[in-house]
Protein chains: 4
Amino acid sequence: MKLTVLSYKGGVGKTTTSVHLAAYLSQRGKTVLLDADPNSSSLEWAEMGKLPFEVRPLEDPGKLKKFAHIVTDTPARPRNKTLRELVRESELVVVPTAPDQLSMRALLKTVEALREFLVPYYALITLIPPPPSKDGSEARKTLLEAGVPTLRSEVRRWAAFNRAALAGTTVREVRGDPRAPLAWLEYEAVGRELEWLSQG
Amino acid sequence: MKLTVLSYKGGVGKTTTSVHLAAYLSQRGKTVLLDADPNSSSLEWAEMGKLPFEVRPLEDPGKLKKFAHIVTDTPARPRNKTLRELVRESELVVVPTAPDQLSMRALLKTVEALREFLVPYYALITLIPPPPSKDGSEARKTLLEAGVPTLRSEVRRWAAFNRAALAGTTVREVRGDPRAPLAWLEYEAVGRELEWLSQG
Amino acid sequence: MKLTVLSYKGGVGKTTTSVHLAAYLSQRGKTVLLDADPNSSSLEWAEMGKLPFEVRPLEDPGKLKKFAHIVTDTPARPRNKTLRELVRESELVVVPTAPDQLSMRALLKTVEALREFLVPYYALITLIPPPPSKDGSEARKTLLEAGVPTLRSEVRRWAAFNRAALAGTTVREVRGDPRAPLAWLEYEAVGRELEWLSQG
Amino acid sequence: MKLTVLSYKGGVGKTTTSVHLAAYLSQRGKTVLLDADPNSSSLEWAEMGKLPFEVRPLEDPGKLKKFAHIVTDTPARPRNKTLRELVRESELVVVPTAPDQLSMRALLKTVEALREFLVPYYALITLIPPPPSKDGSEARKTLLEAGVPTLRSEVRRWAAFNRAALAGTTVREVRGDPRAPLAWLEYEAVGRELEWLSQG
DNA sequence: TGAGTTAGAATGGCACCACCCGTC
DNA sequence: GACGGGTGGTGCCATTCTAACTCA
């Protein structure tokens with residue numbers, strides 16, 4: 001599968017989503033994560049520890065034939081030309097967003113830009129605060145009303161994700177945190193939903 | 001005062017910081033917030049409600065002579081040339097960061113770029129999760145060890161900030177949330193510290 | 001600083017004010033609270049828990065040389081002779097009052113008695129009910145018209161103060177009440193204003 | 001009936017209770033309120049407006065034979081000798097208290113002093129904050145456990161009482177406040193309970 | 001003019017959950 | 001590794017209080 005993770009706004013879980021979706025896909029086949037972000041977040045994540053897939057800079061991707069799955073982590077505000085190139089090669093675009101006002105606005109702009117390209121895209125609500133906050137469900141309602149195709153799976157805001165970034169691994173490998181398995185389950189659900197969408 | 005709020009990474013409270021520092025300064029004198037972000041977050045924030053200061057796009061700032069205070073909200077990843085122009089006019093640069101791994105890395109890069117310019121800059125830790133999480137204090141320690149000048153004041157992660165963005169106001173005007181006054185006090189402390197730093 | 005907290009009427013926050021101002025001053029230097037009230041409210045407050053300063057009965061104050069700050073909590077209706085002795089040693093007298101009719105009347109009498117002594121005194125409006133009640137601002141107006149020097153800082157009626165009295169601590173230490181920090185800030189503002197007045 | 005309203009602590013509704021119980025009794029027969037408080041709260045209350053009974057200073061009570069009911073409003077902290085004289089003439093002592101920590105402590109002291117005299121006394125919980133605060137019921141429980149005889153009737157903290165003090169009347173006469181009649185009902189219940197207790 | 005009604009703001013208490021830190 | 005306690009943020013409900021409006 002060729003996935004692009006894209007968002008006009010930073011801090012919405014773009015890198016975390018890229019890393020964990022790549023980790024999910026690597027269970028199915030050889031996977032590479034292409035980092036197009038000028039902050040090189042994914043590359044640095046990989047340097048810190050051990051990820052079950054390769055991470056390469058987009059500028060120097062090397063040969064990609066051997067990979068069954070390619071995930072691309074994009075810069076926060078790609079120019080239109082870059083955006084076109086990024087999207088042209090993708091089967092699917094995932095647009096993560098946090099359920100707050102500023103992120104939702106940026107999401108709508110991202111989606112508007114994506115409409116031009118004939119690529120299927122799906123919003124993914126991440127960083128959902130715990131109940132009794134209704135931010136998550138309200139964000140979903142807003143997206144529904146705006147007609148934005150949205151993944152049913154969603155990702156909560158867990159401290160385990162930060163631990164994973166600190167250790168250079170995915171939450172699946174995080175030890176000593178009883179919620180880390182839950183966090184991994186959430187991205188597994190996202191991965192399965194994406195597989196289903198790309199096959200159906 | 002001429003403030004620039006700058007960060008290489010998005011989602012670290014850059015716009016929230018810009019809006020609230022401008023609100024703080026508007027208590028002291030006529031203030032304008034220049035929005036240089038391609039997402040126009042600040043401009044949209046202002047459109048939703050009523051802020052106690054003007055917000056203008058950086059491309060079309062108009063006459064600025066009448067303003068005692070100018071705050072500039074920058075794009076997430078300005079190019080070096082843009083960065084130079086933004087910083088040249090500033091007395092002070094504030095670099096907000098969240099206390100997580102990815103944000104801290106980006107902060108260090110931001111700071112590295114700022115060292116070239118002869119402008120005083122200060123990191124501001126925002127979006128601090130509530131105790132017993134020690135993310136805030138650990139981030140501070142990391143910054144101290146890295147030799148990054150850091151504001152003693154800090155800003156916690158409050159739901160009231162999202163409410164303010166929703167209403168197009170500052171947290172000072174948010175009704176129905178008992179923690180909103182506390183949230184405002186935090187930015188007031190930041191403002192006071194910046195005033196003190198610019199005078200001393 | 002040598003502070004006396006004085007009021008002809010009870011139930012206006014005299015003991016609460018004494019305890020919290022002593023707590024504020026104990027941040028600056030070694031502080032003692034002298035309890036001159038026959039009900040020994042302050043002493044009992046201290047017995048219940050742990051205050052960051054000593055509390056002693058006025059009759060047996062012991063050696064006071066080592067203290068940088070002395071706060072005296074007076075009885076509700078001291079006789080003139082006692083009043084003179086209490087006030088003679090003070091640099092500053094704080095007269096708390098609630099914003100109701102009976103308390104305001106008693107305040108005016110207190111102030112009249114204080115005029116004889118050459119000591120600076122300031123009224124402090126406490127126990128202010130929440131908006132939309134205007135009791136607080138109306139009390140301030142009344143005091144202004146009566147020419148009573150009044151602190152700009154004021155203290156609202158919070159349940160957290162009762163919790164602090166129950167636990168034998170200050171509101172700063174009260175856990176589980178989101179408004180407790182706000183309550184503490186109010187007394188901090190009072191303390192700062194008094195410091196400023198005594199220095200200027 | 002000869003009633004004494006007594007409390008070691010101020011600000012617990014002593015004067016309000018005296019005034020309203022006297023107003024209640026004046027419906028049954030000629031009533032006088034003797035003000036023994038050095039702050040002369042009751043006298044000043046009477047001066048402001050029109051009460052349905054006479055108010056006289058205790059020092060100069062005049063002839064009292066013509067009165068069917070005598071209510072005495074005592075000073076906040078009477079000396080033992082004064083206390084004896086006040087109580088000797090009373091059929092009943094009412095000890096108002098607010099449901100907070102400091103007031104309850106003072107109440108226990110008051111009651112302890114009253115035990116020496118062979119006079120029936122009853123605690124009256126006043127100034128009860130609105131639900132969901134449980135201060136009122138908790139105070140009642142505390143008194144029950146301490147073995148203090150307590151009136152079942154109780155008085156809530158209404159803004160109307162302050163309005164009455166401002167106008168120099170009782171809450172029964174307060175206009176424009178929908179809760180004033182309720183407030184009056186509460187003191188009527190207290191009066192009826194006291195009558196029943198003095199007769200039975 | 002006066003009384004009743006409604007809307008808005010604010011407090012207090014509670015339920016729910018996440019996080020950290022002990023102990024077992 | 002599992003579990004419980006302590007701390008704290010969020011949303012909800014009941015209540016009070018004021019102001020503005022309506023009605024007689």
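Side-chain atoms are counted along with the backbone in the values below, which use heavy atoms only and exclude waters and symmetry mates. Note on naming: letters A, B, ... go to the chains in the order of the sequence lines (proteins, then strands), and numbering restarts at 1 for each one.
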Taking only residues two or more places apart in sequence or in another chain, which ones pass side chain to side chain donor-acceptor pair (under 3.5 Å) with [X]?
| X | value |
| --- | --- |
| D:Thr15 | D:Asp73 |
| A:Arg156 | A:Glu186 |
| A:Tyr24 | A:Arg28, A:Glu195 |

For nucleotides 21-24 of chain E, print each protein N/O atom paired with a nucleotide N/O atom at under 3.5 Å, atom names and distance only.
from: E:dC21; atom 1: OP1; to: B:Lys134; atom 2: NZ; distance (Å): 2.7

Go through the structure and list residues passing side chain to side chain contact (heavy atoms under 4.5 Å, CB included) with [X], not counting sequence neighbours.
| X | result |
| --- | --- |
| D:Leu107 | D:Val95, D:Thr97, D:Val111, D:Ala123, D:Leu143 |
| A:Lys141 | A:Glu145 |
| D:Arg140 | D:Ile125, D:Thr150, D:Glu154 |

Below 3.5 Å is the cut-off: list the nitrogen or oxygen pairs between protein and nucleotides 20-24 of chain F, distance only.
none

Residues pairing under ring pair (Phe, Tyr, Trp, His ring centres under 6.0 Å) where one sits in residues 162-189 of chain A, two or more places apart or in two chains, turn out to be A:His20-A:Tyr187, A:Phe161-A:Tyr187
field: Close side-chain approach of B:Lys14 and B:Ser41, heavy atoms under 4.5 Å
entry: no
The correct set of residues in residues 175-182 of chain C placing a heavy atom under 4.0 Å from DNA chain E is C:Arg179
Is the distance from OP1 or OP2 of F:dC17 to the nearest side-chain N or O of D:Arg157 less than 4.0 Å?
-> no
request  = Kindly say if D:Arg156 contacts the phosphate of F:dT15, meaning a side-chain N or O under 4.0 Å from OP1 or OP2.
outcome  = no
As a check of understanding: the bend across the helix from E:dT1-F:dA24 to E:dC24-F:dG1, end axes from five pairs, rounded to 10 degrees, works out to 10°
What donor-acceptor contacts under 3.5 angstrom involve side-chain atoms of residues 162-169 of chain D, with partners at least two apart or in another chain?
from: D:Asn162; atom 1: OD1; to: C:Gln101; atom 2: N; distance (Å): 3.1
from: D:Arg163; atom 1: NH1; to: D:Asp177; atom 2: OD2; distance (Å): 2.5

Note to self: Apply side-chain contact (heavy atoms from CB on, under 4.5 Å) to residues C:Thr16 and C:Thr126 and explain how you reach the verdict.
What the structure shows: CA-CA 10 Å; C:Thr16 303; C:Thr126 68; over 6 Å; no
